[in-house]
Amino acid sequence: MAMAMIISNEALAPQIYVMKVQGDYKGKMGQFYMLRSGMSYPLLPRPISIYDIGEHDISFLYRVVGEGTQQLSKLLPGQEIKLEGPFGNGFPQVEGSLGLIGGGMGTAPLLLAAKHYPHAHVYLGFAEQSFGVEAFQAVAASVQVKVGGSIVEQVNPARYKYMFSCGPTPMLQALALQTVGTSSRLYISTERHMACGIGACLGCTIRTRTGNRRVCKEGPVFPVEEVELDDLHGM
Amino acid sequence: MAMAMIISNEALAPQIYVMKVQGDYKGKMGQFYMLRSGMSYPLLPRPISIYDIGEHDISFLYRVVGEGTQQLSKLLPGQEIKLEGPFGNGFPQVEGSLGLIGGGMGTAPLLLAAKHYPHAHVYLGFAEQSFGVEAFQAVAASVQVKVGGSIVEQVNPARYKYMFSCGPTPMLQALALQTVGTSSRLYISTERHMACGIGACLGCTIRTRTGNRRVCKEGPVFPVEEVELDDLHGM
Amino acid sequence: MISMACNIAGVSMKNPIIMASGTYGFGREYQEYVAPALLGGIVGKGLTLHPKDGNQGVRINETASGLLNSVGLENPGVVAFLKDELDEMTRWDTAVIANIGGANLEEYVQAVALITENAQKRRTMNRRGVDMLELNISCPNVKQGGMQFGVQTEMARDVVRQVRNVTTLPLVVKLSPNAENITEMAIMCEKEGADGVSLINTFSAMKIDIRRRRSVFENTYAGLSGPAIKPIALRMVHQVAQAVSIPVIGIGGISSVEDIIEFTMAGAAAIQIGTYNFIQLRAGAELVEGLEQWMQREKVNSLDEIRGII
Amino acid sequence: MISMACNIAGVSMKNPIIMASGTYGFGREYQEYVAPALLGGIVGKGLTLHPKDGNQGVRINETASGLLNSVGLENPGVVAFLKDELDEMTRWDTAVIANIGGANLEEYVQAVALITENAQKRRTMNRRGVDMLELNISCPNVKQGGMQFGVQTEMARDVVRQVRNVTTLPLVVKLSPNAENITEMAIMCEKEGADGVSLINTFSAMKIDIRRRRSVFENTYAGLSGPAIKPIALRMVHQVAQAVSIPVIGIGGISSVEDIIEFTMAGAAAIQIGTYNFIQLRAGAELVEGLEQWMQREKVNSLDEIRGII
Ligand SMILES: Cc1cc2nc3c(=O)[nH]c(=O)nc-3n(C[C@H](O)[C@H](O)[C@H](O)COP(=O)(O)OP(=O)(O)OC[C@H]3O[C@@H](n4cnc5c(N)ncnc54)[C@H](O)[C@@H]3O)c2cc1C
Ligand SMILES: Cc1cc2nc3c(=O)[nH]c(=O)nc-3n(C[C@H](O)[C@H](O)[C@H](O)COP(=O)(O)OP(=O)(O)OC[C@H]3O[C@@H](n4cnc5c(N)ncnc54)[C@H](O)[C@@H]3O)c2cc1C
Ligand SMILES: Cc1cc2nc3c(=O)[nH]c(=O)nc-3n(C[C@H](O)[C@H](O)[C@H](O)COP(=O)(O)O)c2cc1C
Ligand SMILES: Cc1cc2nc3c(=O)[nH]c(=O)nc-3n(C[C@H](O)[C@H](O)[C@H](O)COP(=O)(O)O)c2cc1C
Ligand code: FES
Ligand code: FES
């Protein structure tokens with residue numbers, strides 16, 4: 001794996017970290033990298049969305065949930081990290097009104113989209129504590145935040161020609177339901193356990209109307225009508 | 001395992017580190033602790049001799065040879081380490097002239113002995129680069145150092161009523177041969193791969209004249225005449 | 001009210017957490033770290049009729065999340081065990097399980113007969129003896145006996161039958177993952193009157209010292225244990241638990257409360273902790289406490305509520 | 001002069017490093033990271049006569065130094081493979097190995113016949129076809145077929161014999177560690193005319209989601225691969241290599257040059273890299289380069305010098 005140096009790795013909120021890595025990295029909104037520390041444990045790299053890209057750095061926003069992300073969180077500036085990417089398709093190029101709806105960690109891949117579409121309306125929902133809101137406020141025309149309860153209630157799909165969303169399955173399902181009958185086109189970013197990250201192992205497939213699709217390759221972003229929503233089971 | 005905080009963890013020479021850990025630790029010369037980082041990999045803690053004990057701290061001198069020690073070397077002051085001990089029997093209480101002969105990492109367990117017996121003559125051999133010599137010079141009456149070649153050649157066993165030695169197998173074997181026919185009593189510290197460290201698994205046994213003995217319990221220090229020298233195979 | 005108590009093959013235990021053979025000595029060394037009375041039971045180091053020196057050379061080697069061992073049943077023999085260890089063990093308030101190996105059929109039978117006789121004699125004197133036998137037909141680290149009996153069902157049948165004939169003590173047979181058909185093996189044990197089965201012992205495995213160009217272990221192969229093998233052990237326990245109605249004791253890489261729950265859900269009546277004792281000296285105490293907390297948190301009053309639900 | 005070249009069952013390879021079935025797709029996705037021409041060979045994703053959707057639900061789950069997968073042989077079917085993938089694969093300067101599964105005997109035979117016919121046809125047109133077949137009788141992730149054929153020797157014999165009857169292509173049989181007797185299985189393959197055996201496929205294993213109180217995998221069990229199983233795989237390769245004289249391809253957790261040397265010393269004629277491809281995207285390139293360096297450093301001109309020396 002390609003080695004790189006960590007510039008910073010700081011907690012934004014309990015268990016929520018932003019890691020900045022040195023180097024000239026490519027990537028579009030909604031794409032992800034596979035990250036791992038230099039240790040031989042855990043085995044697999046972890047998929048993490050691109051949070052932000054600077055001229056000579058790339059950032060990731062992540063939550064510590066298990067051993068892999070815990071190990072990432074313990075790395076210090078100056079230490080090395082291994083990463084490969086960018087992988088996946090990312091959010092599409094669209095024109096017209098756009099809503100970005102993120103829940104929890106699902107807000108991470110939306111920042112690049114917000115930068116790309118400064119006219120977009122941003123909706124950020126958090127279960128207990130918000131984080132990273134300022135980054136959106138710095139670039140977006142409108143940012144609504146809700147802590148506790150459902151951010152989806154504040155979204156009126158009819159207002160948007162397009163919506164991009166990423167977050168917990170119940171949120172995506174609620175948003176999908178709310179979109180039914182409107183002409184708004186909803187794109188969702190999906191998650192699956194991954195092994196290869198490049199489309200070779202078929203470990204990350206999701207059922208779609210047109211058969212299995214690889215989240216790491218054809219995804220993680222899909223038009224909502226393609227995905228079988230009951231296959232969005234949390235992992 | 002008992003958790004403790006690292007006070008410092010610094011390189012003395014390439015791949016050679018001293019780690020100082022906070023706490024009131026017990027231990028005698030030649031005893032060891034089982035150390036591990038908080039990670040679940042590698043599986044087993046690693047046996048490391050007590051290098052020094054202060055009033056509220058304990059130190060270990062170690063060489064990075066594989067993943068376990070490499071992980072130890074990456075820990076930073078303020079981070080946690082798990083350790084259990086002291087284990088093993090250590091060097092005996094003796095009276096009379098004493099030679100301490102250490103080779104490479106085998107110098108580590110001799111520092112406490114040198115502190116305990118300030119009249120002892122210290123012989124330190126290193127393959128490529130010496131380290132930790134000052135610590136001995138600060139406490140011992142006589143310290144001879146050799147880098148490259150065999151330190152054993154400089155030792156005249158007939159001068160000492162007792163000798164304590166720790167180091168690579170060829171060094172121990174050479175010293176044992178040299179001691180034959182003198183009245184000097186040689187104690188050597190042995191090494192074995194260990195699992196439990198407390199005498200329960202029988203993974204660390206060494207053949208002695210009186211049957212198997214556990215290096216972690218009856219050892220690591222044995223009178224040389226008890227040990228079958230050909231069973232001192234390096235691990 | 002939460003209760004961790006369980007009854008395995010007629011032996012009551014205060015919880016289902018048992019220390020595995022060969023990883024806990026005869027309990028003495030761990031006393032200082034884990035009060036024996038906390039534990040469901042302790043299986044002693046594997047015993048043979050005659051004392052054994054075990055294997056030469058390297059005995060322990062770490063692999064990726066696993067441990068290779070080639071101790072080779074070093075033990076003081078049954079007679080010395082009964083004389084030197086049993087009094088101490090029976091003083092503790094925990095089940096005492098003797099693990100028995102043998103180089104041949106005759107040795108198994110004699111060893112078991114000795115222990116049974118001893119238990120009866122002690123009972124007449126109102127003293128506790130060995131509570132349970134674990135018949136080890138699955139040690140991969142001895143040239144003669146051990147695993148050779150545990151691979152083919154018909155060969156194992158002889159041992160189980162003859163041992164059953166000479167003992168009234170609760171009898172658990174410890175199965176090998178190297179068995180040709182571990183489910184068939186368990187069914188055979190049940191038919192032959194075993195009171196339970198425990199599984200798994202270590203996998204026959206190998207490591208080569210490429211520098212010296214020889215096997216790390218003098219015996220060529222060694223036994224693999226630890227977290228690495230847990231997913232396979234769990235599958236085997238699940239298969240066996242569905243095939244027999246005697247209690248199944250789950251073993252293999254268990255290193256957390258979550259692991260214990262997994263094995264219980266797969267059907268284990270109790271579990272054994274082996275390699276994890278080396279990783280965490282206070283494993284027994286940690287897991288007993290953790291299991292109770294888990295039951296409290298999850299409002300599970302008895303593990304019966306979740307046993308075998310998969 | 002150092003040479004890594006080897007000849008497996010009549011197929012020349014520039015080195016013994018082959019990418020394992022199911023972990024490398026049909027090679028396309030890895031092209032960008034590892035030049036296919038560097039590799040000894042590529043085994044394609046397991047094929048069946050008809051296209052297969054594979055299993056539902058979670059397909060991948062990490063364990064301690066291991067990987068559980070339940071992909072369930074998702075594949076486009078033999079016909080689509082020959083049409084859509086083979087041209088691309090045969091353009092690369094590396095051996096093309098087709099891995100074949102089947103739900104029943106008939107499917108195996110038909111799939112193999114189709115590929116063989118195709119290879120012959122292509123040869124008449126002076127075009128490369130599939131170089132070698134790997135018969136997968138060891139997939140634990142499909143309900144029908146797959147591993148069920150790979151557990152009992154007599155059941156496997158039928159498949160191997162009938163497949164051998166319909167193909168002149170070099171035929172390697174991929175063995176399961178879940179076989180009752182893997183050595184006996186290999187001997188059978190040799191007798192039935194297989195040109196080699198490869199081992200091991202994944203171990204049948206399990207993980208339970210204790211929160212949801214159900215198996216993580218819809219198929220209940222899944223296949224365990226990765227460094228965790230390496231010591232067992234190495235032992236099996238050693239046993240089999242001593243029992244047969246056809247080439248043995250070693251598979252199971254190989255993740256370093258040292259591992260490759262261990263398998264070679266245990267008797268492997270070549271090796272396959274599976275899970276390690278996920279750990280290190282450039283595994284193939286890294287290992288080929290590393291192996292050459294090792295040979296240089298250790299003054300081993302040909303791996304024949306160390307093969308099977310244990
Ligand atoms: C395309 C994509 C983009 C992602 N972007 C982000 C991001 O920007 N920030 C962030 O915090 N998280 C992100 N995730 C989720 C992140 O990958 C998981 O939280 C992480 O893998 C958990 O690893 P762990 O070892 O800490 O947890 P563990 O629970 O110990 O992981 C155990 C296993 O489960 C897998 N796993 C666990 N949770 C998930 C999950 N939700 N998705 C896939 N595999 C999982 C791990 O890969 C590992 O194999 C993304 C996931 C995907 C698929
Ligand atoms: C009683 C005793 C005291 C020791 N004191 C010191 C000390 O003060 N400083 C120091 O640097 N080293 C000391 N060692 C050696 C130290 O334990 C090993 O270097 C260390 O375990 C290597 O672990 P690793 O993971 O870095 O290496 P790896 O080679 O990756 O270890 C692989 C396996 O081999 C075992 N192993 C490797 N080398 C040895 C060895 N020489 N002895 C026992 N097991 C080994 C490890 O425990 C592990 O299980 C001592 C060993 C013993 C037995
Ligand atoms: C060092 C060591 C010694 C062992 N000795 C014995 C033994 O004497 N008898 C026996 O039945 N099992 C023995 N075992 C096997 C364990 O009891 C247990 O079945 C196996 O290690 C799997 O469990 P684990 O993964 O929790 O360690 C031994 C295991 C180890 C690691
Ligand atoms: C995701 C995945 C898919 C696999 N698919 C196949 C397959 O289709 N056919 C096959 O014979 N083996 C398959 N295998 C088994 C591997 O080819 C290999 O035998 C096994 O993983 C052990 O090697 P490893 O430990 O290096 O991964 C698969 C393994 C994995 C991890
Ligand atoms: S992670 Fe391997 S195909 Fe997507
Ligand atoms: S390490 Fe277990 S007895 Fe010494």
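Just so it is clear: chains get the letters A, B, ... in the order the sequence lines come, proteins before strands, and each one is counted from 1.
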J.: For S255(D), which atoms come within 4.5 Å of any heavy atom of chain A: side chain, backbone, both, or neither?
T.: neither

J.: What part of D53(D) is in contact with chain A, defined as an atom under 4.5 angstrom from a non-hydrogen atom: side chain, backbone, both or neither?
T.: both

J.: For residues S70(D) and N55(D), is any side-chain donor paired with an opposing acceptor at under 3.5 Å?
T.: yes

J.: Taking distance alone, no hydrogens or angles, what donor-acceptor pairs closer than 3.5 Å link side-chain atoms of residues 40-48 of chain D to residues at least two apart or in another chain?
T.:
| residue | atom | partner | partner atom | Å |
| --- | --- | --- | --- | --- |
| T48(D) | OG1 | H50(D) | O | 2.6 |
| T48(D) | OG1 | N75(D) | ND2 | 2.8 |

J.: Would the Y25(A) and Y33(A) ring centres measure less than 6.0 Å apart?
T.: yes

J.: Examine distances only and state if a side-chain atom of H193(A) and a backbone atom of I60(D) form a donor-acceptor pair shorter than 3.5 Å.
T.: yes

J.: With sequence neighbours left out, write down each residue that passes side-chain hydrogen bond (donor to acceptor under 3.5 Å, both in side chains) with E153(A), or none if nothing qualifies.
T.: none

J.: I need the residue from S65(D), A283(D), G226(D), P227(D) with the largest number of non-hydrogen atom pairs under 4.5 Å to chain A.
T.: S65(D)

J.: Measure distances from A64(D) to the heavy atoms of chain A and classify the residue's part below 4.5 Å as side chain, backbone, both or neither.
T.: both

J.: Looking just at side-chain N and O atoms, do Q272(D) and E134(D) make a donor-acceptor pair shorter than 3.5 Å?
T.: yes

J.: Regarding E262(D) and K230(D), does a basic nitrogen lie under 4.0 Å from an acidic carboxylate oxygen?
T.: yes

J.: Report, in residue-number order, which members of residues 20-34 of chain D are under 4.5 Å from chain A by heavy-atom distance.
T.: G22(D), T23(D), Y24(D), G25(D), E29(D), Y30(D), Y33(D)

J.: Mind listing the side-chain donor-acceptor pairs of residues 44-53 of chain A below 3.5 Å, one per line with the distance, residues two or more places apart or on another chain?
T.:
| residue | atom | partner | partner atom | Å |
| --- | --- | --- | --- | --- |
| R46(A) | NH1 | L44(A) | O | 3.2 |
| R46(A) | NH1 | E62(D) | OE1 | 2.7 |
| R46(A) | NH2 | E62(D) | OE1 | 3.4 |
| D52(A) | OD1 | K115(A) | NZ | 2.7 |
| D52(A) | OD2 | K115(A) | NZ | 2.9 |

